[in-house]
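Notes for the one structure printed next.
All heavy atoms count here, side chains included; hydrogens, waters and symmetry mates do not. In what follows, chains carry the letters A, B, and so on, assigned in the order in which the sequence lines appear, proteins first and then strands, with residues in each chain numbered from 1.
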Amino acid sequence: MFAAFLQYLFSGLTSGAIYALAGLGFAIIYNASHVINFAQGEFIMIGGMATATMVAAGVPIYLAIPLAMAASMLVGVAMEKFAIEPARNADVVTIIIITIGASIFMRGAAQLIWDKEFHSLPAFSGETPIAVMGATLMPQSLWVFGISAVAIALLWYFFNRTMFGKAMLGTSHNRLAAQLVGVAVKRVLLASFALSALLGAVGGIVVTPITFTNYEAGIMLGLKGFSAAVLGGLGNGTGAIIGGLIVGIAEAMASGYLSSAYKDAIAFIIILFVLFFMPSGLFGKRGTDRV
Amino acid sequence: MNLKTARTGGLAALAIVITLAPLGFSNSYFYDVGVNAMFNAILCVGLNLLIGYAGQISLGHAGFFALGAYGSGILTERYGVPAIGALVLSASVVGILAFVVARPILKLKGHYLAMATLGIGIIIHIVLKTEAGITGGPDGMSLGNFKMLGFTIKGDQMWYWVTGVLLVLAVWLSLNLIESPVGRALRAVHGSEVGAEVVGVDTSSYKVLVFVVSAVFASVVGSLFAHKNGFITPDISSFFHSVELVTMVVLGGMASIYGALIGAVILTLLPQVLAAVEQYEAMILGAIMMGTMIFMPKGLLPSLLASLKRREAGK
């Protein structure tokens, strides 16, 4: 009884950690530019696919990982430069369509560069399951928790203790004021895309040994990351992390106790519920629309 | 009838194009593509009322389309309901569903609205895929010809003429809606919702109305598509299909009925032309979406008309 619950909890926390990283990616870009990046899931996909194919081709994993992270960041920066910046003053619907276009473009490119097959990576430290009170925990799940925690801690440090991080936070509060005190807003926007692409890639790399990846893997991960971000309150980093964990755990519990077929629907049912009854999410500012 | 007004002139031109196009058709494949283009055109004219005129995005429209298709499939095949009855019943159910979800959904704006409509579309997709006992699951289901009053619509050619008439009808209906007080109210909502409220427009009722109308359009086309194809799978309700529909609308031109129609035709024909470079299809679609929004955010037709007007003014 309890063992089964624990088992679901472990699997929920593992996927929840990835949704949290994706949700954080959404939050960073949203804060810097008020853009919701529908291509966030593609960063996750690129991270996983690039690492998996490089490792399969014989590149040592400690080299493949930084290369894949760099590749994702490059894609993120290119996306900001060529797709988002030229449409800076466009309205929300326009930007949504641009980012969806970018995600379809990246998926198409991934299909060409790699293929349509599923790829995997060997687990980082063996596959011997760890027994915990009757449930089992895969060592790779520990990697997922550990690396997500480290990434979140580094982000916190970056935003609260470094000059550039503070400049990014400042831009999110008031772009004009930030500009007035000498923040290079354009660089901040580029950095926000690079950073969220990096976060996505990290998530994609650590989760690939567990879930496999293919060119389409980013769609669901991205959408669930978005659910996490909205659940936590768009633009709230802590909220995105908690939102991610809630979505992951709810999904695992639903698939364990209700029906695994409807596992993927859970995130969207949660999100509809949240949007209808508390549109600003769990930790969002109570929004007032300006006229 | 005054052919000089944009409304009747455009309708007449549309009817002429539909009538004359078959002169260039050398086999039934052309009719088939033509029917699909017109199906999409009807769908997009409806979707454009919502996106273009009322300014409310829907990323779940393929869900309503699929509900119409599956409603017809299930009612005709499993319960022996006549095709036209199944079509009307499905459209009514979709209309009611749209009405029920419209109010909470349309309170949302921008990203939140996109997310909510996307969520509804994906939930419909998952239900259609999972409830194999009713829908046939991922394998899909087949259904028979469209029979009405002892008359059977079958063959690409007959479908072409039926769809052509329906397209003209759909455009006529939409034009009337847009020119009516309802249409003016909708445009006011798009311009400034608060402003519209201030001058006494009941904005939420109009938004609900247009949401229901566009969902019913989608459902009817879904029913017809199901009969024409004879086979449906849950793929027709996928997120990708919804995105495709939105792309058609924005490519052709938001807030332009003929623009949406042209967008639908272009994007239906594109894969036929691109068959040789099939593996680039997704990249090209993505590039079109980004390119249109960056370089002509108003879409093809409105941008074209604007540049013509500028040229004329320059003379």
(message) Would you compute the distance between atom CD1 of B:Ile232 and atom OG1 of B:Thr135 and round it to the nearest 0.5 angstrom?
(response) 8.5 Å
(message) What's the separation between atom CE in B:Met141 and atom CD1 in B:Ile134, rounded to the nearest 0.5 Å?
(response) 10.0 Å
(request) For chain B, find which of A:Ile97, A:Val93, A:Leu272, A:Val230 contributes the most heavy-atom pairs closer than 4.5 angstrom. (result) A:Ile97
(request) Give, as side chain, backbone, both or neither, the part of B:Phe295 having an atom under 4.5 angstrom from any heavy atom of chain A. (result) neither
(message) I need the residue from B:Ile105, B:Val250, B:Thr130 with the largest number of non-hydrogen atom pairs under 4.5 Å to chain A.
(response) B:Thr130
(request) Just give me the residue among A:Leu223, A:Leu112, A:Ile219 that pairs up with chain B most often, heavy atom to heavy atom, under 4.5 Å. (result) A:Leu112
(request) Look up atom CG in A:Leu21 and atom OG in A:Ser196, then write down how far apart they are to the nearest 0.5 Å. (result) 11.5 Å
(request) With a 4.5 angstrom heavy-atom cut-off, could you sort out which part of A:Ile269 is near chain B: side chain, backbone, both or neither? (result) both
(message) Using a 4.5 angstrom heavy-atom cutoff, name the option from A:Val35, A:Thr99, A:Asp264, A:Ile98 with the most pairs to chain B.
(response) A:Ile98
(request) Give, as side chain, backbone, both or neither, the part of A:Met220 having an atom under 4.5 angstrom from any heavy atom of chain B. (result) side chain
(message) Determine whether the aromatic ring centres of residues A:Phe226 and A:Phe38 are separated by less than 6.0 angstrom.
(response) yes
(message) According to side chain to side chain donor-acceptor pair (under 3.5 Å), who are the partners of B:Ser219, at least two apart in sequence or on a separate chain?
(response) none
(request) Name the member of A:Ala261, A:Ala87, A:Ser259 that forms the most heavy-atom pairs with chain B at distances under 4.5 Å. (result) A:Ala261
(request) May I ask you to decide if the ring planes of A:Phe277 and A:Phe273 are parallel, tilted or perpendicular, using 30° and 60° as cut-offs? (result) tilted
(request) Measure across A:Gly23 and A:Ala229 and return the closest heavy-atom pair with its distance rounded to 0.1 Å. (result) O-CB, 3.9 Å
(request) Spell out, as yes or no, whether a donor-acceptor pair under 3.5 Å connects the side chain of A:Ser15 to the backbone of A:Ser11. (result) yes
(message) Taking side chain as everything from C-beta outward and backbone as N, CA, C, O, which of these in A:Ile271 sits under 4.5 Å from a heavy atom of chain B? Side chain, backbone, both or neither.
(response) side chain
(message) Quick check on A:Ile96 against chain B: is it the side chain, the backbone, both or neither that has a heavy atom closer than 4.5 Å?
(response) side chain
(message) So for A:Tyr30, is it side chain, backbone, both, or neither that comes closer than 4.5 Å to the heavy atoms of chain B?
(response) side chain
(message) Given heavy-atom pairs under 4.5 angstrom as the criterion, report whether the side chain, backbone, both or neither of A:Ile36 touches chain B.
(response) both
(request) Could you tell me whether the side chain of B:Asn48 and the main chain of B:Met254 form a donor-acceptor pair under 3.5 Å? (result) no
(message) Which residues in residues 114-123 of chain B have any heavy atom closer than 4.5 Å to a heavy atom of chain A?
(response) B:Ala114, B:Met115, B:Ala116, B:Leu118, B:Gly119, B:Ile120, B:Ile122, B:Ile123
(request) Over all heavy atoms of both residues, which pair between B:Ser58 and B:Leu47 is shortest? Give the atoms and the distance, please. (result) CB-CD1, 4.3 Å
(request) Just jot down the ring pair (Phe, Tyr, Trp, His ring centres under 6.0 Å) partners of A:Phe105, sequence neighbours excluded, or say none. (result) none
(request) Determine the option with the most heavy-atom pairs under 4.5 angstrom with chain B, choosing from A:Ser103, A:Ala267, A:Ala102, A:Ala90. (result) A:Ala102
(request) Could you list the residues that satisfy side chain to side chain contact (heavy atoms under 4.5 Å, CB included) with A:Ile249, not counting sequence neighbours? (result) A:Leu9, A:Leu13, A:Met253
